[in-house]
Amino acid sequence: MIVMLRTSVKGTKGSFYKSFLTTTLQKQQKRDIAIGTDLKVSSCTMQKARPWHMDDKSSNLAKDNAVSMETLFKGRKVALFGVPAPFTGTCTTAHYPPYKALQDKFKEKGIDEIVCYSVADPYAHYNWGKAMGNDFDKISFLADVDGEWAKENELDRDYTAASLGHRSARFSMIVEDGIVKSFNMVTEADKDAETLLGQV
């Protein structure tokens with residue numbers, strides 16, 4: 001999590017960002033979502049990642065693209081991983097790719113849906129996935145537009161000094177029928193998918 005921009009900046013600037021992110025995260029209290037937490041009781045909704053629709057057939061309105069916690073989790077087994085921001089270094093080069101490589105393995109082990117979560121607008125989140133060649137039928141992208149869900153679970157982080165504003169921590173979890181079965185605060189992004197797969 002603390003090397004989110006390392007792969008995209010080098011030299012003095014890279015050292016600055018690495019130092020900034022390390023210091024920031026040391027100051028912030030880390031909180032795990034407790035095993036056994038029922039996420040279905042939350043009134044928060046997430047937004048389906050999507051392109052900006054230019055026709056009259058599809059809606060851009062938030063109410064028409066909202067996904068409730070009950071809809072996402074009830075009666076289902078979900079593998080969800082959270083990334084700080086679309087189009088950033090570690091999220092793009094280290095965290096997402098292993099999930100893409102292992103997506104079929106998750107399904108073979110009974111996962112109904114793999115979700116890539118981020119505090120972002122749904123249009124940037126969609127276009128990031130599209131740029132990486134994501135198959136949205138295999139890995140869903142959901143956006144927490146105002147960070148409401150992240151704040152509710154104390155997973156919000158302040159990356160203002162890196163021009164990212166308030167975002168989410170890097171994490172992953174297995175949820176069955178809304179109940180959190182495993183939860184990880186991720187420090188090694190490239191190993192997270194394999195770790196989570198082993199927890200299914």
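In this chain, residues are counted from 1 in sequence order. Source: prediction; values computed, not measured.
Under a 3.5 Å cut-off, the side chain of Asp32 and the backbone N or O of Met185 do not form any donor-acceptor pair. Side chain of Asn60 to backbone of His53: a donor-acceptor contact under 3.5 angstrom is found. Checked by atom type and distance alone, the side chain of Gln47 pairs as donor or acceptor with a backbone atom of Ala62 at under 3.5 Å. Checking side-chain atoms of Asn153 against main-chain N and O of Leu155 turns up no donor-acceptor pair under 3.5 Å.
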*side chain to side chain contact (heavy atoms under 4.5 Å, CB included) between Glu176 and Lys77, intermediate numbers included*: CA-CA 4 Å; Glu176 295 184 29; Lys77 184 182 290 188; 3.6 Å; yes
*Can you list the steps and then say if Tyr159 with His166 is a side chain to side chain contact (heavy atoms under 4.5 Å, CB included)?*
CA-CA 6 Å; Tyr159 295 118; His166 290 263; over 6 Å; no
*Taking it one step at a time, do Val175 and Leu72 satisfy side chain to side chain contact (heavy atoms under 4.5 Å, CB included)?*
CA-CA 10 Å; Val175 184; Leu72 178 60; over 6 Å; no
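Ile179 contributes atom CD1, which lies 7.5 Å from atom CG of Leu39 (distance to the nearest 0.5 angstrom). Rounding to the nearest 0.5 Å gives a distance of 10.5 Å between CG of Asp112 and CG of Asp177. Atoms CZ and CD1, on Phe171 and Ile33 in that order, are 6.0 Å from each other to the nearest 0.5 Å. Taking CD1 of Ile35 as the reference point, atom NZ of Lys181 lies at 9.0 Å (rounded to 0.5 Å). Once rounded to the nearest 0.5 Å, the distance linking OG1 of Thr88 with CZ of Arg167 reads 8.0 Å. Separation of atoms CH2 (Trp149) and CG (Leu142) is listed at 11.0 Å; rounding is to 0.5 Å.
Counting heavy atoms from C-beta outward, Lys100 and Asn134 have side chains that stay 4.5 Å or more apart.
Considering only residues two or more places apart in sequence or on other chains, Asp104 meets the salt bridge (charged side-chain N to carboxylate O under 4.0 Å, His left out) condition with Lys138. Every side-chain hydrogen bond (donor to acceptor under 3.5 Å, both in side chains) that Ser68 has, sequence neighbours left out, goes to Thr71. Residues satisfying the side-chain contact (heavy atoms from CB on, under 4.5 Å) test with Pro97, not counting sequence neighbours, are none. For the side-chain hydrogen bond (donor to acceptor under 3.5 Å, both in side chains) test, residues two or more places apart in sequence or in another chain that qualify with His95 are Arg170, Asp192. The side-chain contact (heavy atoms from CB on, under 4.5 Å) search around Ser140 returns Glu113, Val115, not counting sequence neighbours. The salt bridge (charged side-chain N to carboxylate O under 4.0 Å, His left out) check on Lys191 picks up Glu188, with sequence neighbours excluded. Here Asp38 pairs with Lys40 under the salt bridge (charged side-chain N to carboxylate O under 4.0 Å, His left out) rule; sequence neighbours left out. Under the side-chain hydrogen bond (donor to acceptor under 3.5 Å, both in side chains) criterion, Ser42 pairs with Glu152, sequence neighbours left out. Partners of Ser118 by side-chain hydrogen bond (donor to acceptor under 3.5 Å, both in side chains), not counting sequence neighbours: none found.
Residue Leu164 is not grouped with residue Val145 when hydrophobic side chains (ILVMFWY) are merged at heavy-atom distances under 4.5 angstrom, including chains of intermediate members.
Nearest heavy atoms, Ser59 versus Arg50: O-NE, 4.2 Å. Between His125 and Pro86, the shortest heavy-atom contact is ND1-CG, 3.8 Å. The shortest heavy-atom contact between Ala143 and Ala120 is CB-O, 3.3 Å. Considering all non-hydrogen atoms of both residues, Ala150 and Val119 come closest at CB-CG2, 4.1 Å. Summarising the geometry of Met69 relative to Cys44, their closest heavy-atom pair is CG-O, 3.6 Å, with the distance given to 0.1 Å.
Within a 6.0 Å radius of CG in Asp55, more than 12 heavy atoms belonging to other residues, nucleotides or ligands are found. Residue-environment remark: CD (Glu194) stays at or below the threshold of 12 foreign heavy atoms within 6.0 Å.
Clustering of Ile, Leu, Val, Met, Phe, Trp and Tyr by side-chain heavy atoms under 4.5 Å joins Ile174 with Phe81, Val83, Phe87, Tyr96, Tyr99, Leu102, Phe106, Ile111, Ile114, Tyr126, Trp128, Met132, Phe136, Ile139, Phe141, Leu196, Leu197, Val200.
Sorted by first and then second residue, the salt bridge (Lys or Arg N to Asp or Glu O under 4.0 Å) pairs with a member in residues 115-136 form an empty list; sequence neighbours excluded. Applying the salt bridge (Lys or Arg N to Asp or Glu O under 4.0 Å) test to pairs two or more places apart or on separate chains, those with a residue in residues 62-71 are Glu70-Lys74.
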